[in-house]
Colleague: 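Structure in C-alpha cells, see below.
Numbers restart at 1 for each chain; the letters A, B, ... are given by sequence-line order, proteins then strands.
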2 protein chains.
Amino acid sequence: MKSKATSFDIAHMAGVSQSTVSRALSDSPLVNQETRERIKKIAQELNYKVDKNASNLRRQHSQTLALLLFEDPTNDDSLINPFFISMLASITKATATAGYDLLVSFQNMNDDWHNLYEDTNKADGLILLGYGSYTDYEYKLSQLEEQGTRFLRWGAPDKKHPGVSIGSDNEIGGYLMGQHLVSLGHKRFAFLGEANVGAPEFLGRLRGLKRAMSEASLDTTGVAQADAISTEAAGFEAAQRLMQQYSSPSDFPDAIFCASDLIAMGCIRALRSQGMNVPEDIAVVGYDNIQISQFATPPLTTVLQDTLLAGELLVSNLLKLIRNETVEDMLMKPQLVVRESCGCKLKP
Amino acid sequence: MKSKATSFDIAHMAGVSQSTVSRALSDSPLVNQETRERIKKIAQELNYKVDKNASNLRRQHSQTLALLLFEDPTNDDSLINPFFISMLASITKATATAGYDLLVSFQNMNDDWHNLYEDTNKADGLILLGYGSYTDYEYKLSQLEEQGTRFLRWGAPDKKHPGVSIGSDNEIGGYLMGQHLVSLGHKRFAFLGEANVGAPEFLGRLRGLKRAMSEASLDTTGVAQADAISTEAAGFEAAQRLMQQYSSPSDFPDAIFCASDLIAMGCIRALRSQGMNVPEDIAVVGYDNIQISQFATPPLTTVLQDTLLAGELLVSNLLKLIRNETVEDMLMKPQLVVRESCGCKLKP
DNA sequence: CTGAAAGCGCTTACAG
DNA sequence: CTGAAAGCGCTTACAG
C-alpha cells in the first residue's frame, strides 16, 4: 500500500509548480489549456484526489451537509418511520446532486447533540428531521442560532421557534381527507393519533378534519379520539381503546381518520380481530402514503406528501442559508390519494 | 455571527500555550489536572470545538466511515428495501458508538463512484451494502484494493472477489425454511425470486430449500420458479406468471417460498386476486422479517437476519481493517420465524 | 508538566 | 499564464 500522491508529486512529474497543479485541477481559467490537460492526465494516472481535509481547512467550508434524524424515543431502531426513509432518500439524492456529501446521524432528542458537525466544521449546515414538537428543544435551537449555525427544520413553521422550517400543510391534508370522507356520506368520525401540543402535525390533521366537518354542518364535538404514536402496534392498541369508548357497536363511528398509515394499518388489524370489515363496516384512512399503503388490504386511502420535492427544498434552501441568502418558512400542499379503505367504492 | 474560537483564543485566555490547550482538550495525561480543568471550562464557555478538518489533516485520518448503498437500479427511491433500512439504522448506531461519523451515499452500481471518500481522505473506510452479485464490479473492487482502501462488503463471501465480506448464510436460511415446510407436510414447492448468478443471495436460499427437500426424499426437479426482484410489485407479477405455468389449479404447489418478504406480500395479493386463500389453499413464506411482515394478513412466516448484529460486525471489522488487523470473511446464521402464512396452524 | 516549532496538503492573494 | 509564499487550525515530536 503505497502512500497517496499529493499535489507536489503531480507538480514534480508535470514540471510545474504545485500552485499550478491546484489551479489546473480546479479548472481555473488562469492556467494554460495544454498544461491543464497534461496535469489532469498525470493526476488520473496516479489516481490522485484532492485531500478534502486540507482543502476544507484552507477554504473554511466542508462541502458537506448533515442530517439529524430525530426518531420518536419509544420506537426501536427497526421501526424507523417509513416517511422519514423517503425523506432520507430524497435528501441524499438532492445533496449529491448539489455536489455535497451527507453526514447522517440518528439522534435522540434528549441526547447531548455533541456531534452537531457544524460546530466542528465537518458540515456547512444541518437539516433537522423529526416528528413532533420542537418546544422542548427551543433552548438548543436558540443555541444553534446564536452560534450562527445554518440549519433548517422539517415541520410546521412556528414563529415561536428559532430558525426556518419547511413542512407540509397538515391542516390542509386533514381538510382534504375530511372533505372526501364527508362527500362519501360519512357523518361520525374518530381520530387515531396523539392530539396534543407535542404532536403539532397530528393536531393539524385533526383540525383540518374538523374544519371539513364544520363546513358540512356536522357536529365536531363528538369526534372520538385515542392517542397513538406512529407505529402499527400503537395503532392496534389505540383502536382497541377507542372501541371501548362506545357502549354498543351501533354507536361506532362511520370512519376512523388515522394520523399515519402505520396507525391505520394497526387500526384495521384491530377492527378485523373484532370481526369488523374495512371498509364495509367502517372506513379507515391514513396519512403519509408510505410504500406499503397501496398494498394493504384494503389499499389505504391516504394523504401524500411529496417527499421528493421536500428533500429538494430542504437542501436547496439550506444551501441558500449557507450562501447567506434569506430563506422563508415554506408550507407544501399535500394531496389526497383515494384508494379503497375509505369505502368509496361501496358507498357513493 | 462572530467567527469561531480557535485553540489560540483559548490559550490566550487561559494564559498557556496553544499546545497545552490541545493536550488538555484531548485529555492527555501530560497536562496538569488543574490546568486541564481551567482550559476545559474556558473552552466550554466559548463553545469551542476542535476543528475536524485541521485535526484530521494533521492526524491523517478522518474518524469517519462511509456507507455506500447500492440499490437495485430498477427500484425508484421510494422503494428502498426495508432490510437495508434496518442495516442503515444499525450501522449508524454502531458507528456512533465507536466514536465515528457516518457518510451515507446511495449509489448506482453503474455510477462513476467518484465519491469514494476514502480517496479524498474524507473517510477512513467504506462499507458496501447491496443485494446481488459483485461480479460486474470486480474491476472496481480490485481497484479499491489496489489503492489500499479499507472496505468491507455485505454479502456472501466469494473467493473470486477482492476484499472481505460479511453476510448471512442464505443457504442455511433456505434450508431452515425448507425443513419447516416439509415438516408441515408440504410436498410440492415453487420459488419466487431471481435465480441466477446475478442474485447469489436468492440462489443460496433456493439451494437450501432443495437440500431440505432432498433430505426428505422429495424430488427437487419439479420446483417451479419465476423471477422477481425484491419488490411487492415484482412479487405480484411473478406470482401471476407462475400460476400460468400450471395447466390446472390441481397442479398448484403446496407452498411458495418467496425470496423476500416484499415478494411474498405481492405473491399473496396475486393469489388472493385469483380467489385463493393463504395459507388455507396455499402456503406462502418470505425472507428478511421486515417490519411489516408480522402485520401482514396473514402474518408472514419468514427468516430473520440479525441486522443489529450485522451492523455491529460490519463496523467493528472495518475498524479492525483500519487498524491493519486481519479480518476474515464471516457468515451469520439466520433464524426461522414461524407465523401463520406457512399454514402451520392448520395442517399439523 | 510546558512551550516553541514543524508540518499535515491544500488554496489563493501577491508579484511577476 | 506561472511561481514563491502565506496560512487554514490543529497534533505531536523535540527540548527543556
Colleague: Rounded to the nearest 0.5 Å, how far apart are OH of Tyr48(A) and CD1 of Ile39(A)?
Modeller: 11.0 Å
Colleague: Taking side-chain contact (heavy atoms from CB on, under 4.5 Å) as the criterion, tell me which of Arg38(A), Glu45(A), Glu37(A) meets it with Lys41(A).
Modeller: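 For Lys41(A), the side-chain contact (heavy atoms from CB on, under 4.5 Å) test succeeds with only one of Arg38(A), Glu45(A), Glu37(A), which is Glu45(A).
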Colleague: Identify, between Arg59(B) and Gln18(B), the residue whose nearest nucleotide on DNA chain C lies closer to the 5' end.
Modeller: Gln18(B)
Colleague: Can a salt bridge be assigned to the pair Asp124(B) and Arg150(B) using a cut-off of 4.0 Å between side-chain N and carboxylate O?
Modeller: no
Colleague: Is any side-chain heavy atom of Leu309(A) closer than 4.5 Å to a side-chain heavy atom of Met332(A)?
Modeller: yes
Colleague: What is the distance, rounded to the nearest whole Å, between atom NZ of Lys52(A) and atom C1' of dC10(C)?
Modeller: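 In whole Å, dC10(C) C1' lies 13 Å from Lys52(A) NZ.
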Colleague: Base, sugar-phosphate, or nothing: which does Ser22(A) touch, judged by heavy atoms less than 4.0 Å apart?
Modeller: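 Counting heavy atoms under 4.0 Å across all strands, the contact made by Ser22(A) includes a base.
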Colleague: Is there a side-chain polar atom (N or O) of Thr6(A) under 4.0 Å from OP1 or OP2 of dG9(C)?
Modeller: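 Negative; the distance criterion is not met.
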Colleague: What is the distance, to the nearest angstrom, from the CG atom on Asp124(B) to the P atom on dC8(C)?
Modeller: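 Taking atom P of dC8(C) as the reference, CG of Asp124(B) is at 18 Å.
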Colleague: Can you tell me how far P of dA6(C) sits from CG of Leu57(B), to the nearest Å?
Modeller: 17 Å
Colleague: Mapping Ala54(B) and Arg23(B) to their closest nucleotides on DNA chain D, which lands nearer the 5' end?
Modeller: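 Here Ala54(B) is the residue nearer the 5' end.
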Colleague: Round to a whole Å and report the spacing from CG of Asn32(B) to C1' of dC1(C).
Modeller: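 Rounded to the whole Å, the gap is 7 Å.
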Colleague: Could you state the atom-to-atom distance from NE2 of His61(A) to P of dC8(D) in whole Å?
Modeller: 17 Å
Colleague: Taking OP1 and OP2 of dG3(D), is either one under 4.0 Å from a side-chain nitrogen or oxygen of Thr20(A)?
Modeller: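 Yes, because at least one side-chain N or O of Thr20(A) sits under 4.0 Å from OP1 or OP2 of dG3(D).
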Colleague: Send over the distance from Leu30(B) CG to dG3(C) P, rounded to a whole Å.
Modeller: 13 Å
Colleague: Which whole number of Å gives the distance between the C1' atom of dG16(D) and that of dT12(D)?
Modeller: 16 Å
Colleague: Give Ser26(B) one of three labels, base, sugar-phosphate or nothing, depending on what nucleic acid heavy atoms sit under 4.0 Å from its own.
Modeller: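 Contact class for Ser26(B): none.
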Colleague: Just wondering, do Asn317(B) and Val164(B) contact through their side chains at under 4.5 Å, heavy atoms?
Modeller: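 Sidechains of Asn317(B) and Val164(B): no contact.
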Colleague: Under a 3.5 Å cut-off for both contacts, is dA4(C) paired Watson-Crick or G-U wobble with anything, and if yes, with which nucleotide?
Modeller: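 Pairing partner: none.
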Colleague: Is Ser19(B) touching bases, backbone alone, or none of the nucleic acid, heavy atoms closer than 4.0 Å?
Modeller: base
Colleague: Using a cut-off of less than 4.0 Å, is there contact between a side-chain N or O of Ser55(A) and OP1 or OP2 of dC10(C)?
Modeller: no
Colleague: In this structure, how many angstroms lie between the C1' atom of dA5(C) and the CZ atom of Phe8(B), rounded?
Modeller: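 It works out to 10 Å between those atoms.
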Colleague: Consider the side chain of Ser17(B), meaning its heavy atoms from C-beta on, and name the nucleotide among dA5(D), dA4(C), dG9(C) that approaches it most closely.
Modeller: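 In terms of side-chain proximity for Ser17(B), the closest of dA5(D), dA4(C), dG9(C) is dA4(C).
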Colleague: Rounded off to whole Å, could you give me the CG-to-P distance for the Asp51(A) and dC8(D) pair?
Modeller: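 Checked: the CG to P distance equals 18 Å.
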Colleague: Which residue, Gln60(B) or Val31(B), contacts DNA chain C at a nucleotide closer to its 5' end, judged by nearest heavy atom?
Modeller: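 Whichever sits nearer the 5' end wins; that is Val31(B).
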Colleague: Going from CZ on Arg153(B) to OG on Ser165(B), what distance comes out if it is rounded to the nearest 0.5 angstrom?
Modeller: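 One gets 4.5 Å once the value is rounded to the nearest 0.5 Å.
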Colleague: With the side chain of Val16(B) defined as its heavy atoms from C-beta on, choose the nearest nucleotide among dC10(C), dG3(C), dC10(D).
Modeller: dG3(C)
Colleague: Once you apply the 3.5 Å cut-off to both distances, tell me the Watson-Crick or G-U wobble partner of dA13(C), or none.
Modeller: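 Matched dA13(C) with nothing under the 3.5 Å cut-off.
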